[in-house]
Novice: 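Provided herewith is a single structure, encoded as structure tokens, for subsequent inquiry.
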2 protein chains.
Amino acid sequence: MKDCIHYGNCEICCCEKTPSLFDKLSKTEFEALHDQRKEVVFKPGEVIFKQGTALTHFACFKEGMAKVYHERPEGSNILINLVGSGKLCGSIGLYTDNVHHATVQALTDVKICLISAKNIEKLLTQNNDMAVDLITNKNESIIELTNKLANLTYKSMAGRVADVLLYLQKDIYKSDSFDLNLTRQDLADLAAMTKESFIRSLKEMKDSGIINVNRNQINIINLNALLLISEK
Amino acid sequence: MKDCIHYGNCEICCCEKTPSLFDKLSKTEFEALHDQRKEVVFKPGEVIFKQGTALTHFACFKEGMAKVYHERPEGSNILINLVGSGKLCGSIGLYTDNVHHATVQALTDVKICLISAKNIEKLLTQNNDMAVDLITNKNESIIELTNKLANLTYKSMAGRVADVLLYLQKDIYKSDSFDLNLTRQDLADLAAMTKESFIRSLKEMKDSGIINVNRNQINIINLNALLLISEK
DNA sequence: CAGACTTATTGATATATATCAATTATAAGA
DNA sequence: TCTTATAATTGATATATATCAATAAGTCTG
């Protein structure tokens, strides 16, 4: 356990991998935030935030992985993204309607720090660097969402499946081989298709030697081929 | 021409209908911004910002209407939204990669004020209220994009066409009857489908008496039916 | 006003993807 | 270990939507 860069040696604080937001705080500001944090752990499947409920706290992810999905009235979900260590989560309702706009559910054992939204709001009106950092973060989200929108609406199945695999490889597991902690349904929700279609498309890629699939273990053999499929 | 609330009687300034962002500025701050603005007019079809080019200025819409669309390599576009009087446009690349992430094209005669991004950046590090206002604005965009994502990926054609009509009625023309300044292709790009499919779906709604369509004039006869179709 | 061009509409057909149903594999409890 | 539940896979079929092609309507320009 390395020392906390903000606050001496705080082995249970949310800051070993802190959202960049908090790097902008003064020592005093950070200490105040740190002291009021609530650390909570979740088991796989447990819901961290439920879409539609009041936004009272933000989550800083310390350990583990969670899925963020938008629930639709008829029961279908769209999986927006995955979040892990160092990510801030739950700030979309801030200054708008103060409710959560997505459900966040643990995929592994998860450890988060809950930070009161009221406190964040207060800091944002005091500390410009922090506000600017949040704007940056928001713009990044908008860029990602716009790309996702374009990809999901205009690419065919194979391209969307390739995109999911590339997302997992590049942004999540940071390796060509990884053990999923997502079900096929989750993967399909990420690609906006049915699980049957996802499985078939995955099998095709396996049969043509681009990837190897063994239960929840995925191995990308030919990254270039995958990138090519994603282009189309 | 009413007096400018910020700056005495400035009949050509960008502030008769100002983005709420600028309401947060002090008189001095606003004057500085006002003095460096560049007012520009565009004719229908002219490109205001081109996706991929450097982000040097923001646009404040004073008059007219423009479409904001994401261009894809193969030539298909996804129409993100329409912008008109009082809207701020072009801030997505701010603090990220400093390029425009969408093309903005005039649909009518358009009058905008260009505000230097550098100046906005400077103000954001000085004025917290302005930064908070921008965060609010960004969160609203994220909510809209998430809803759009969910609607475009999970609704069938009829629902998406209904959504487009409801968007035009509620957010753009603010009336049950309106004269479009969009082509059928634009409408289709807004609903993420082909123009042929859009036309067919529109015709079905006309045939069942929910709307009336006459060239570019659209009349919503049965709003509840439209809302019902949108639900599905 | 004629001709060229763009936009809108309609129809026939192809195709991608969802749906439904059945089977197999895996995990979790008793 | 047997039993039950859950997740993954495969196949057959239906359906929504895109594609292609042809025509019609409107608009611009010399």
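In what follows, chains carry the letters A, B, and so on, assigned in the order in which the sequence lines appear, proteins first and then strands, with residues in each chain numbered from 1.
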Novice: Side chain of Lys203(B) only, heavy atoms from C-beta on: which candidate in dT10(D), dT10(C), dA18(C) is closest?
Specialist: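 The listed nucleotide nearest to Lys203(B)'s side chain is dT10(C).
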Novice: Distance check needed: dT10(D) P versus Leu202(A) CG, whole Å only.
Specialist: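 The answer, rounded to whole Å, is 10 Å.
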Novice: Calculate the interatomic distance between Asn214(B) atom CG and dA25(D) atom C1'; express it in whole Å.
Specialist: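 Interatomic distance, CG of Asn214(B) to C1' of dA25(D): 13 Å.
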Novice: Measuring to OP1 and OP2 of dT10(C), would you say a side-chain N or O of Arg200(B) lies under 4.0 angstrom away?
Specialist: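 Looking at the OP1 and OP2 atoms of dT10(C), neither is under 4.0 Å from any side-chain N or O of Arg200(B).
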Novice: Please report the distance, rounded to the nearest Å, between CZ in Phe198(B) and P in dA16(D).
Specialist: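 Going from CZ in Phe198(B) over to P in dA16(D) covers 19 Å.
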Novice: Have a look at Ile210(B) and tell me which of Ile221(B), Ile229(B), Leu223(B), Leu165(B) forms a side chain to side chain contact (heavy atoms under 4.5 Å, CB included) with it.
Specialist: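 The passing option is Ile229(B).
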Novice: Side chains of Glu196(B) and Arg184(B): does their closest heavy-atom pair fall under 4.5 Å?
Specialist: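 No, their side chains stay 4.5 Å or more apart.
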Novice: Would you mind telling me which of dA18(D), dT9(C), dA8(D) lies closest to the side-chain atoms of Met157(B)?
Specialist: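 Selected nucleotide (nearest to the side chain): dA18(D).
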Novice: Answer yes or no: does a side-chain N or O of Thr183(A) lie under 4.0 Å from OP1 or OP2 of dA7(D)?
Specialist: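 Result: no.
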Novice: Does Lys62(B) use its side chain to pair, donor to acceptor, with the backbone of Ile112(B) at less than 3.5 Å?
Specialist: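 No; judged by distance alone, with no hydrogens or angles, the pair does not exist.
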Novice: Taking 4.0 Å as the cut-off, does a side-chain nitrogen or oxygen of Arg215(A) come that near to OP1 or OP2 on dA25(C)?
Specialist: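 No, because none of the side-chain N or O atoms of Arg215(A) sits under 4.0 Å from OP1 or OP2 of dA25(C).
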Novice: Answer yes or no: does a side-chain N or O of Lys195(B) lie under 4.0 Å from OP1 or OP2 of dT7(C)?
Specialist: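 For dT7(C), neither OP1 nor OP2 has a side-chain N or O of Lys195(B) closer than 4.0 Å.
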Novice: Got a donor-acceptor contact below 3.5 angstrom from the Arg37(A) side chain to the His34(A) backbone?
Specialist: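 Judged by distance alone, yes, a pair lies under 3.5 Å.
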Novice: With side-chain hydrogen bond (donor to acceptor under 3.5 Å, both in side chains) as the criterion, how do Glu140(A) and Thr96(B) come out once you've worked through the C-alpha distance, each side chain's angles and the decisive distance to 0.1 Å?
Specialist: CA-CA 7 Å; Glu140(A) 286 165 358; Thr96(B) 55; over 6 Å; no
Novice: Picking from dA8(C), dT19(C), dA21(D), which would you name as closest to the side chain of Glu196(B)?
Specialist: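 Looking only at side-chain atoms, Glu196(B) lies closest to dA21(D).
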Novice: Counting only side-chain N and O atoms of Arg160(B), is one of them less than 4.0 Å from OP1 or OP2 of dT17(D)?
Specialist: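 Yes.
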Novice: Write down the distance between NZ (Lys155(B)) and C1' (dT17(D)), rounded to a whole number of angstrom.
Specialist: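 For the pair Lys155(B) NZ and dT17(D) C1', the rounded distance is 18 Å.
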Novice: Just how far, in rounded Å, is P of dT17(D) from CD1 of Ile199(B)?
Specialist: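 That distance rounds to 16 Å.
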Novice: To the nearest angstrom, how far is Leu182(A) atom CG from dA8(D) atom P?
Specialist: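 These atoms are roughly 10 Å apart.
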Novice: Mind calculating the distance between CG (Asp189(A)) and C1' (dA7(D)) to the nearest angstrom?
Specialist: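 Asp189(A) atom CG is separated from dA7(D) atom C1' by 14 Å.
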Novice: Whole angstroms only, please: what is the CD-P distance between Gln185(A) and dA18(C)?
Specialist: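 In whole Å, dA18(C) P lies 11 Å from Gln185(A) CD.
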Novice: Look at the side chain of Ser156(B) and decide which nucleotide, out of dT10(D), dT17(D), dA8(C), has an atom nearest to it.
Specialist: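 Per side-chain heavy atoms of Ser156(B), the pick is dT17(D).
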Novice: Is Thr194(B) touching bases, backbone alone, or none of the nucleic acid, heavy atoms closer than 4.0 Å?
Specialist: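 Contact class for Thr194(B): base.
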